[in-house]
Each structure stands twice: as structure tokens, then as C-alpha cells.
Asker: 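Quick one: structure below, then a few questions.
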Amino acid sequence: MAKMAASIGEHGEDAFRKLFKFYKRRSPAPDLSNVVDFSKSVKHEKVSTTELNPAAMSDEEARRTGLRPVRDWRAFGLQGYPGFMFISNPFLPGSQQHWVKQCLKTYPQKPNVCNLDMHMAPTDTQDIWGKSADVLRKPSSRIREPKTLLEKLRWVTLGYHYNWDTKTYSADECSPFPDDLHLLSGHVAAACQFPGFKAEAGILNYYRSDSSLGIHVDESELDHTQPLLSFSFGQSAIFLLGGTQREDPPTAMYMHSGDIMVMSGHSRLRYHAVPRVVPAPEGDPLHPSLEAEGLAPGQDPAQGEASVIQSMEKEEWAVCFRYIQTSRVNMTVRQVLGPGQAFPLKDKRTETVKGYTEGYHDSQDGENVGLKRRRSSNSSDLVNVLL
Ligand code: OGA
Ligand code: MN
């Protein structure tokens, strides 16, 4: 079967889709032995180590965003993918929890935008956490209960809000980018030799154990000289990174909790997708890097003066813990405009009414069904898991 994964792509036509389907398949489950695992000490032949800039920030500055000193990070490159960097969980023990909580409690709040806003009144979506927390905290098996809003959350946008219909960002659909994530992103980009990076837009994706993210290229940002950063938390997933053509067979790799990916240079505009979440077997503890009970104020090693890492109430972590035991959250951070760059003037005729969208989430083997959407090389915006 491993052989199949390798040979499937050799016949040219849309090798990406074939591999997407291969890894997405439920029955029989695909052989995952060809999936590159950067966390393993024995490295795949295509994996190389990458130079970071250890002077990009002081150890203290790194600690303030929950990161280890840069000299301790394990960063890798992948043969055939110049500009792609993979940093294997550089977070301090106990600090990923902050970012998980931000994704579940803080970032979905207004004025940020989420998939639920597309078909619910603002009053109904303004306290997603508050409306879900009590139910999620309950230890009972809730199989027949309706899903909480948090469980229905698929995406949140930050900063310049990505418009899924027009596939553009604009000056008038913008809210303040969260300070803590801005700082974290600036640190990571600087360590990867992009000191001028400005976090201006974020797309957060929320995955249940059966979710997948369709094949796409992130090309809507106006400045492609800056990297795209991706932060993963919770359950592991398989990421497919291809070429600039759908015919280029992608490489499959694991993303574990705390892992960061950087797509820049020649890898900035490549096709990619997430065909599968790989949940830990039931009964297994959370990923060790996430295994920490509610952190009382002052206990967190990353806290302290000027730290953005907040203390966590036990009750809050109980909800996050519940959620993340079966789910995955990914934050992608982008710079939209280059220095001195501005958005083109809007052509009123191309304005569209916002339709319902699940963002990049997929249910059609990676393909864009094109509902209410114009064709574009940016494939796979897709309506999928109806609520
Ligand atoms: C995206 C994206 C990957 C992921 O949001 O553009 O590619 O791991 N996300 O969720
Ligand atoms: Mn993407």
C-alpha cells in the first residue's frame, strides 16, 4: 500500500487529487508509512536541517510568547521545497494551552468573523464560548445532544477578513489583529529570516476528527514575498504540500500539536491541503506537550512580566481539554500588503452578497464545488458539513 501512495502520482493528471483521496479514505484506512514525521529522531531522506536566526529575539522575548530560546528550536527543510520550513514544536511546556484558549474563547469573539455569522444573527454568535462551555465541560457522553456552537465552528478570520466569495481582502473589512498573535508571528518570522513580517490577516481552521481541508493555494495576499505561517494545536493531521501545478505529486507530512510551518519563497504559492486528522487512539493521553492541568496564575513558566501568555482557570482548561481531545485547531497568519502597498480601488460591479461558506473545508475529495463562487486557480472553497 505504501507503494501505491508513491506510484499514484506518477501518471500525470492531477496527482494531487489522487493522493488527497488516498489519504482521506476511511475504509480501508490508508497506509501512513510514507508520511514524513519531523518529530521522529530518524529523519526521512528528503529532510534537512535549516538555519534559523538565533539573534532574532532574546530568550526573554521568546518566553513572552511561550516560545523556547531559538537556539533550542528544531527546524527542518524539505528537499524540492525551497522556502518551506518546518519547526517541530518550539513552545515551552505549558504555553500551547494559552493559544488553544485564544482560538476557542477569545478569537471567535466579535469583531472577528466566523462561519456561524453567515447564517446566524450577531446576537447568537457573540458568545460562542459562553454558550458552549457548560455543555462541553459535562463529562457525560453527549452523543444524542445537539452540537454546541464551538463544535460547529469551522473558521474564524482576523485582521483583514478574508472574503470567501470574492477571494480578496479589503481595507473596509478589517478589525484589529490580536496583539498576542501579532507578537508571536513576528518572532517566528524573524527567526526564519523575515524580520519585517507584519501579521495582518489570520484564518483559523477548526477540525473535528473527520474534517479535511480542500486543495488550494493561498494567493490572495498582495505581497507574496512575505511568508505564510501556520500553527497547529491539538490532534495531529496529515498535510499535503505539492507544487505550483496540480500534476505535481505532493509530499505528505504530519503536523503535531505545537508544530509551525513556514511557506515562503518558492514554496509560498504551492498547492496544499489537509486530507486527514489523525486522532490519537481513544483513551490515549493528549499529546505530551499539551498535557498540563489548568495552570494557576504564576505557575506557568511562560508567564511573567510583559508576557502575553495569560494564566488559565482550571474551568477554562477543562473545556479546552475536552474540545482538543478530539479536535485540531490551526492558525494561519499572513501579511497582506507590502510596504507602501494599498488595495486596488473596488469595482462596485464585482461586489457579491456574502454566501454561506465553510471556507476551505472540504467534502468533495478536495474539489471546489463552486457554489456561489467564481472560478479561480485558488481551488476548493467549499460548502461542506452543513450544520
Ligand atoms: C489555510 C491552510 C492548513 C491547516 O488556512 O490556508 O492551508 O493546517 N490551513 O489548517
Ligand atoms: Mn492554505
Side-chain angles (χ1 to χ4, degrees), residues 56-70 73 87 89-114 128-129 150 153 155-162 174-192 194-206 226-234 257-262 289-290 292 294-313 316-317 319-320 323-324 328-336:
M57 74 201 89
S58 66
D59 294 359
E60 175 60 21
E61 284 171 312
R63 195 186 60 79
R64 282 182 203 152
T65 50
L67 293 166
R68 296 174 189 273
V70 178
W73 296 9
I87 306 165
N89 181 23
F91 289 95
L92 285 163
S95 66
Q96 281 186 49
Q97 283 86 338
H98 166 81
W99 298 106
V100 172
K101 185 183 91 177
Q102 295 299 75
C103 289
L104 301 184
K105 182 173 185 179
T106 313
Y107 299 153
Q109 289 173 24
K110 301 284 160 290
N112 301 333
V113 180
C114 72
I128 293 172
W129 171 272
L150 207 45
L153 196 60
W155 56 261
V156 168
T157 53
L158 311 171
Y160 288 121
H161 298 287
Y162 187 62
C174 185
S175 53
F177 194 92
D179 287 339
D180 56 353
L181 186 53
H182 192 273
L183 198 63
L184 173 72
S185 306
H187 284 167
V188 170
C192 296
F194 292 94
F197 179 80
K198 267 180 39 210
E200 292 178 326
I203 298 180
L204 315 182
N205 283 300
Y206 299 78
Q226 291 296 334
L228 190 146
L229 311 180
S230 147
F231 301 86
S232 293
F233 300 107
S257 195
D259 289 347
I260 301 177
M261 288 189 324
V262 178
S289 61
L290 264 175
L295 298 158
Q299 280 185 351
D300 184 338
Q303 272 179 245
E305 214 180 311
S307 174
V308 303
I309 305 296
Q310 301 163 3
S311 62
M312 174 102 67
E313 301 287 333
E316 290 177 320
W317 181 243
V319 176
C320 295
Y323 180 92
I324 215 74
R328 166 175 188 263
V329 181
N330 178 267
M331 318 191 282
T332 53
V333 179
R334 306 116 194 272
Q335 176 166 339
V336 177

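Being a predicted model, the structure only gives us computed values, none of them experimental.
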Asker: Short question: side chain of Asn205, backbone of Trp155 - any donor-acceptor pair under 3.5 Å?
Answerer: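 No; judged by distance alone, with no hydrogens or angles, the pair does not exist.
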Asker: Just wondering, do Val308 and Asp179 contact through their side chains at under 4.5 Å, heavy atoms?
Answerer: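 Heavy-atom side-chain distance check fails, nothing below 4.5 Å.
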Asker: Under a plain distance cut-off of 3.5 Å, with no hydrogens placed, do Ser232 and Arg328 share a side-chain donor-acceptor pair?
Answerer: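 Side chains of Arg328 and Ser232: pair found under 3.5 Å.
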Asker: If I take atom CG from residue Leu204 and atom CG from residue Asn330, how far apart are they, to the nearest 0.5 angstrom?
Answerer: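 Output value for this atom pair is 8.5 Å.
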Asker: For Lys101, does the NZ atom sit with more than 12 other heavy atoms under 6.0 Å from it, leaving out its own atoms?
Answerer: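 Yes.
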Asker: Please examine the side chains of Phe194 and Ser185, heavy atoms only from C-beta on, and report whether any two atoms are closer than 4.5 Å.
Answerer: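 Contact flag for Ser185/Phe194 side chains = no.
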Asker: Less than 4.5 Å apart, any side-chain heavy atom of Trp129 and any of Gln109?
Answerer: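 No; the side chains remain at least 4.5 Å from each other.
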Asker: Starting from the C-alpha separation in whole Å, work towards a yes-or-no answer on side chain to side chain contact (heavy atoms under 4.5 Å, CB included) for His187 and Leu67.
Answerer: CA-CA 9 Å; His187 284 167; Leu67 293 166; 4.1 Å; yes
Asker: Report the C-alpha separation of Ser257 and Asn89 in whole Å, then their side-chain angles, then the decisive distance to 0.1 Å, and conclude whether the side chain to side chain contact (heavy atoms under 4.5 Å, CB included) test is met.
Answerer: CA-CA 7 Å; Ser257 195; Asn89 181 23; over 6 Å; no
Asker: Would you call the rings of Trp99 and Phe91 parallel, tilted or perpendicular, taking 30° and 60° as the class edges?
Answerer: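 Ring orientation of Trp99 relative to Phe91: tilted.
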Asker: Would you say Arg68 and Pro93 make side-chain contact, with heavy atoms under 4.5 Å?
Answerer: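 Heavy-atom side-chain distance check passes, below 4.5 Å.
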Asker: Does any part of the side chain of Thr106, heavy atoms only, come nearer than 4.5 Å to the side chain of Pro178, both counted from C-beta?
Answerer: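 No. Closest side-chain heavy atoms not under 4.5 Å.
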Asker: From Asn112 CG over to Tyr107 OH, what is the distance, rounded to the nearest 0.5 angstrom?
Answerer: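 Between atom CG of Asn112 and atom OH of Tyr107 there are 9.5 Å.
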Asker: How long is the straight-line distance from CZ of Phe233 back to NE2 of His98, given to the nearest 0.5 Å?
Answerer: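 The distance works out to 9.0 Å.
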Asker: Return the minimal non-hydrogen interatomic distance between Val156 and Pro108, and the atom names on each side.
Answerer: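 Nearest heavy atoms, Val156 then Pro108: CG2-CA, 3.9 Å.
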Asker: What's the shortest heavy-atom distance between Pro111 and Pro176, and which atoms?
Answerer: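 Smallest interatomic distance, heavy atoms only, reads CG-CD, 4.5 Å.
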Asker: Return the minimal non-hydrogen interatomic distance between Val336 and Glu200, and the atom names on each side.
Answerer: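 That closest heavy-atom pairing would be N-OE1, 2.7 Å.
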Asker: Is Arg63 salt-bridged to Glu60, going by a charged N under 4.0 Å from an acidic O?
Answerer: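 Yes, charged N to carboxylate O under 4.0 Å.
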Asker: Looking only at non-hydrogen atoms, find the nearest pair between Ser175 and His161 and report the distance.
Answerer: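 Closest approach of Ser175 to His161: OG-NE2, 2.6 Å.
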Asker: Is there a side chain to side chain contact (heavy atoms under 4.5 Å, CB included) between Gln226 and Lys198 once you walk through the steps?
Answerer: CA-CA 9 Å; Gln226 291 296 334; Lys198 267 180 39 210; over 6 Å; no
Asker: Can you tell me how far CG of Leu104 sits from CD1 of Ile128, rounded to the nearest 0.5 angstrom?
Answerer: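 Taking CD1 in Ile128 and CG in Leu104, the distance rounds to 10.5 Å.
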Asker: Test Leu158 against Met331 for side chain to side chain contact (heavy atoms under 4.5 Å, CB included), laying out the working first.
Answerer: CA-CA 10 Å; Leu158 311 171; Met331 318 191 282; over 6 Å; no
Asker: Would you give the length of the straight line joining atom CD of Gln335 to atom CG of Leu228, rounded to the nearest 0.5 angstrom?
Answerer: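 Gln335 CD to Leu228 CG: 11.5 Å, rounded to 0.5 Å.
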Asker: What are the two closest non-hydrogen atoms of Thr332 and Ser230, and how far apart are they?
Answerer: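 Closest pair (atom of Thr332, atom of Ser230, distance): CG2-CB, 4.1 Å.
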Asker: Just wondering, do Val333 and Phe197 contact through their side chains at under 4.5 Å, heavy atoms?
Answerer: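 Yes - at least one pair of side-chain heavy atoms lies under 4.5 Å apart.
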Asker: With the side chain counted from C-beta on, respond yes when Leu150 and Tyr206 share a heavy-atom pair under 4.5 Å apart, and no when they do not.
Answerer: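 Answer no - side chains too far apart.
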Asker: What's the shortest heavy-atom distance between Gly234 and Ile324, and which atoms?
Answerer: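 Between these two residues, the closest heavy atoms are CA-CG1, 3.3 Å.
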Asker: Rounded to the nearest 0.5 Å, what separates atom CD in Gln102 from atom CG in Asp180?
Answerer: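 Reported to 0.5 Å precision, the distance equals 4.5 Å.
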